[in-house]
Every structure is written in C-alpha cells, then in structure tokens.
Engineer: 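Let me begin by handing over the structure; questions about it come next.
Every heavy atom of this structure was used, including side-chain atoms; hydrogens, water molecules and symmetry mates were not. The sequence lines fix the lettering, A, B, ..., with proteins before strands; numbering per chain opens at 1.
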There are 2 protein chains.
Amino acid sequence: MEDKVDRRVQRTRQLLSEAIQALILEQGYDATTVLEITERANLGRATFYLHYKDKEDLLLSTLEGVFDDLVRRLEASSSKNWRLISQGAIDLAFEHAAEHADLYRIIFSGHGAWSISKRIRDYIASYAHKVIEKAQAEAGIVPRLPAEVPANYIAASLLGMIAWWLERDMPIPAEEMAETFRLLNFQGTAQFLGIEAPGEQLLLQEDQAN
Amino acid sequence: MEDKVDRRVQRTRQLLSEAIQALILEQGYDATTVLEITERANLGRATFYLHYKDKEDLLLSTLEGVFDDLVRRLEASSSKNWRLISQGAIDLAFEHAAEHADLYRIIFSGHGAWSISKRIRDYIASYAHKVIEKAQAEAGIVPRLPAEVPANYIAASLLGMIAWWLERDMPIPAEEMAETFRLLNFQGTAQFLGIEAPGEQLLLQEDQAN
DNA sequence: CAATTATTAAACACAGTGTATATTATTCTA
DNA sequence: TAGAATAATATACACTGTGTTTAATAATTG
C-alpha cells in the first residue's frame, strides 16, 4: 500500500526503535540518552531529530505500533455473540502480552510510557463497557451500577494481572492465566474465602475439603 | 520522642516537600526542576542538596510518609475477625486515598513515583494474602489457586478502582466506593452480565428485571 | 554567651538537549 | 543509468539543568 516511504527512513526508524527498546530494558528509561540510542543504532545523533522530537516521542511511536496491533486483532475477532467476544478478548490480551512481553514490561515499568498505559486501559474499559451494555440489554438486566464502574474494574484488574504475570516472568501459560482471570473476575474472590459476599444475598456453593 | 532534629532542618524539609507537591500537580514531574522547587520554597538551591540526592529522593521521602501512615492505620485496625479486617481495610483504603487525594494523584500519575506505587501494591497484596490464608484455614477450603494469585488480583483491582475514582474527581462518596468494590470483587462481574461464570459450575441467582 | 550546625550565594565543570549548516551518500524516477 | 530529490552525517553552537565546592553569614542549641 504505502510503499512511498524512503527505504533509508524505514531503516532509520526501525533501528532507532530497536535501540531504544533494548536500552530501556537494560538501563531503564531515564538513564537512556539520545546519544546512546543513536550510537546503539549506528546513526548520527542529528539523524534522530530528523524523525523524532525527543526520547518520549520515539518511545510512544514505538509502543503505538503494538497497541494498534492489539486493537486490530480485537476488532478482527469481533463476533455477534458477546460471550465469545469477552472470552476471546481475554485470551487475546494475555496472548498479546506474552508475544510482546518486552514492550509490555516497558509499558508497565511506568516511566515514560504512562500515556500509553492509560490509553490501553481506557481502550479496554470502553471495550468492556460495550460488552456489558450488550449483555445487559440481552438479558434484560436492570443495571445496579453505571456500566462505567464495572468496565473500569475489569480493565484495571485485567491489566493488573498481566503486569503481575509479566513481572513474575510468566510462570503460568497464557491460556491458563486467561482462565484464572475469568474465574476471579466473573465469579469474584468470595469463593476463595468461603463466604457469601456482603451486601447482596447471593448463595455460593463452596468446595468442601474432604 | 525524636525532638533532636534542628528546627531549621525540619522547616527546610517541610518547605521542600510542600513545594515539590505543588509543582508536580501544576506542571508534572518531569517539568519540575530543583531550582524551581527551591525558589518556591524560598531556599537556596545548594540547600536542597544538603538534604536530598535529587528530585526523586525528595519525592519518595515525601510519599513515604503517607504510605507509612496508611500502614500504621491498617495495622491499628487489626482485629481477630478476618471478615472485619478485610471489610475495614477496604474502607480505609478509600478513605485514605480521599484524604491524601493530591498525593495519590501524583503516585498514580506514574512519573517518578513508580517504586512507591509498586510498594503500595505489594503491601496490599501481602495483606490480602494473609487474609485469604486465614479465611481458607478457617473455612476448611482447599485452595484452587495459590493464594498469591487472588491476592494480587485484589491489590490490582483495588488500586485500579482508586485510581479511576481519583481521576474522575471522586464523584462517589468513599463508603459507597468501598461497598461497590466489595460487590465487584467478592461477587464478581458475572452478575452484571446475566450469566453463570464459565469454567466452574457455580450457580448464581440473578436479579430479574420486573 | 559560645559552640555547633544550617543556610547561603557564587562559581565551577559537566552532561545532555535541540538546532543549524555545509557536505556526502543514498534513493527514487523518468 | 543519469540527474533530481531527499536523507544522513559530522561538527559546531547556545542553552538548560545538575551536582559539588567554597567561604561567609545566620540561626539554633545547651
């Protein structure tokens, strides 16, 4: 499609992108300088400023790509059935994180990537928002809370689980994590405490130790 | 107790602490310089380095205080009954965030405060870990997951809800947020979707719209 | 009051940033 | 494949902010 971009530009951007990723993982965001990035990429420092405003600009445009990829795959997996949608989206989230683990680590490591992290969270929340409303309409449920609240709860807990999982170097396979997350998120944590949840009268069957 | 600290030192640290908070809220962490901090505090720039290594050092020691306060209050509210403990801890978390909203905003705004944010999360997770194990032992439940997983799930979702709540300028009172969090966290989100949760055969009674 | 300790301004070397320029190298395209 | 267009480069420059040192001054302590 867009073959009009000069090869040199493609090459330069690619090299800078790779260099900043490697350096951030090695030394952290703050410790990484533009000079180091261009040295690692084997480019002149002035070249950097031909393409990016500053370090953050380069990092954001690097992460942007991964985020777009996630969005594309989520939209592509859309089906009519919202149950399958939410099921698939959760699978996809963990798969995608595993696939781009290094970049996700940069995102979750906080520095510099905060705006991206927030955008991902907001995107997931709005995605969850849609699913919730669709499901509620279908089931004829009268919402007890504005959908925004559970939507953000879902986004925060999902990202939190992914962050924790990556920090621990993914000790559990992605599918299992997705399953575990569904268990915790749909059913709640009460099942682990052997209690009925407070506030609402909801009966939970609990496993009995034998 | 520790009255041995020179008044001038107390005053200087206090002023620097206040100055950096105000400036970060006004301009963000990165944009704030040591010179600006000392000007705002009406102190010489050299004085800064008599007390702190750098900007981050000052910020961390500022936030440390708030974190210690939270921990102290959590330990103080300890009772024998773990149900009350977890109930009270959640209330306390939202109250404390509301009370120190500005500082929490700095923490959640990512920059510079990441290590504090992580420490708070880890502390909450270990707190939840203890509660889960106590509850499981008491109820004779055979854990289906290592307690670390639900513990981190709880920590992430709690902090996520607090962050969201502060970002939206606390549109809901703290007690209500705590109640909402308990609802979502203990019972899960399935109740909002009108489904039984997947993976496990667990019967949920759902509200029927009339 | 005298001793101690904190604050201060000033000057310094330094690291990193972002821009401008003239030259060289690569690529596009006709 | 030659010529036009564009990209990369080295170098130099001004600038901002950092962190340290020094010697003089001020505040606190006992």
Engineer: Taking 4.0 angstrom as the limit, do A/Arg119 and A/Glu64 come out as a salt bridge?
Structural biologist: yes

Engineer: Would one find a side-chain N or O of B/Thr12 under 4.0 angstrom from OP1 or OP2 of C/dA6?
Structural biologist: no

Engineer: Hey, can you pull the residues of residues 14-27 of chain B with a non-hydrogen atom under 4.0 angstrom from DNA chain C?
Structural biologist: none

Engineer: Under 4.0 Å: is that the gap between some side-chain N or O of B/His51 and OP1 or OP2 of C/dT7?
Structural biologist: yes

Engineer: Please state how far atom CD in B/Glu56 lies from atom P in D/dT18, giving the value in whole angstrom units.
Structural biologist: 13 Å

Engineer: Kindly determine whether B/Gln187 and B/Arg182 satisfy side-chain hydrogen bond (donor to acceptor under 3.5 Å, both in side chains), including the steps that lead there.
Structural biologist: CA-CA 8 Å; B/Gln187 296 190 196; B/Arg182 273 191 285 273; over 6 Å; no

Engineer: Scan nucleotides 25-28 of chain D against the protein and return all N/O pairs shorter than 3.5 Å with their distances rounded to 0.1 Å.
Structural biologist:
residue, atom, partner, partner atom, Å
D/dA27, N3, B/Arg8, NH1, 3.0

Engineer: May I ask you to say whether A/Arg83 pairs ionically with A/Glu138, meaning some side-chain N is under 4.0 Å from a carboxylate O?
Structural biologist: no

Engineer: Would you mind reading off the distance between B/Ile37 atom CD1 and D/dG19 atom P, rounded to a whole angstrom?
Structural biologist: 11 Å

Engineer: Once you apply a heavy-atom cut-off of 4.0 Å, does A/Leu50 come out as touching a base, just sugar-phosphate, or nothing?
Structural biologist: base

Engineer: The test is salt bridge (charged side-chain N to carboxylate O under 4.0 Å, His left out); show your working for A/Glu36 and A/Lys55 and say whether it passes.
Structural biologist: CA-CA 11 Å; A/Glu36 284 176 312; A/Lys55 206 171 46 162; over 6 Å; no

Engineer: Please check if atom CZ in A/Arg168 has more than 12 non-hydrogen atoms from other residues, nucleotides or ligands closer than 6.0 Å.
Structural biologist: yes

Engineer: Between A/Val66 and A/Ile107, is there a side-chain heavy-atom distance shorter than 4.5 Å?
Structural biologist: no

Engineer: What are the two closest non-hydrogen atoms of A/Phe186 and A/Ser86, and how far apart are they?
Structural biologist: CZ-OG, 4.1 Å

Engineer: Distance check needed: C/dT5 C1' versus B/Gln10 CD, whole Å only.
Structural biologist: 14 Å

Engineer: Please list, for nucleotides 17-21 of chain C, all pairs of protein and nucleotide N/O atoms separated by less than 3.5 Å.
Structural biologist:
residue, atom, partner, partner atom, Å
C/dT17, OP1, A/Val34, N, 3.4
C/dT17, OP2, A/Val34, N, 3.4
C/dG18, OP2, A/Tyr49, OH, 3.4
C/dG18, N7, A/Arg45, NH1, 3.1
C/dG18, N7, A/Arg45, NH2, 3.4
C/dG18, O6, A/Arg45, NH2, 2.8

Engineer: Rounded to the nearest Å, what distance is computed from the NZ atom of residue A/Lys4 to the C1' atom of nucleotide D/dA7?
Structural biologist: 19 Å

Engineer: Is A/Ile106 close to A/Leu103 at the side-chain level, that is, under 4.5 Å between some pair of heavy atoms?
Structural biologist: yes

Engineer: What is the distance from atom CG of B/Leu59 to atom CG of B/Leu23, rounded to the nearest 0.5 Å?
Structural biologist: 12.0 Å

Engineer: For the residue pair B/Tyr153 / A/Asn185, report whether a side-chain donor-acceptor contact shorter than 3.5 Å exists.
Structural biologist: yes

Engineer: Establish, from distance only, whether the side-chain atoms of B/Gln10 and B/Gln14 form a donor-acceptor pair under 3.5 Å.
Structural biologist: no

Engineer: Starting from P on C/dT26, measure out to CG on A/Asn42 and report it in whole angstrom.
Structural biologist: 14 Å

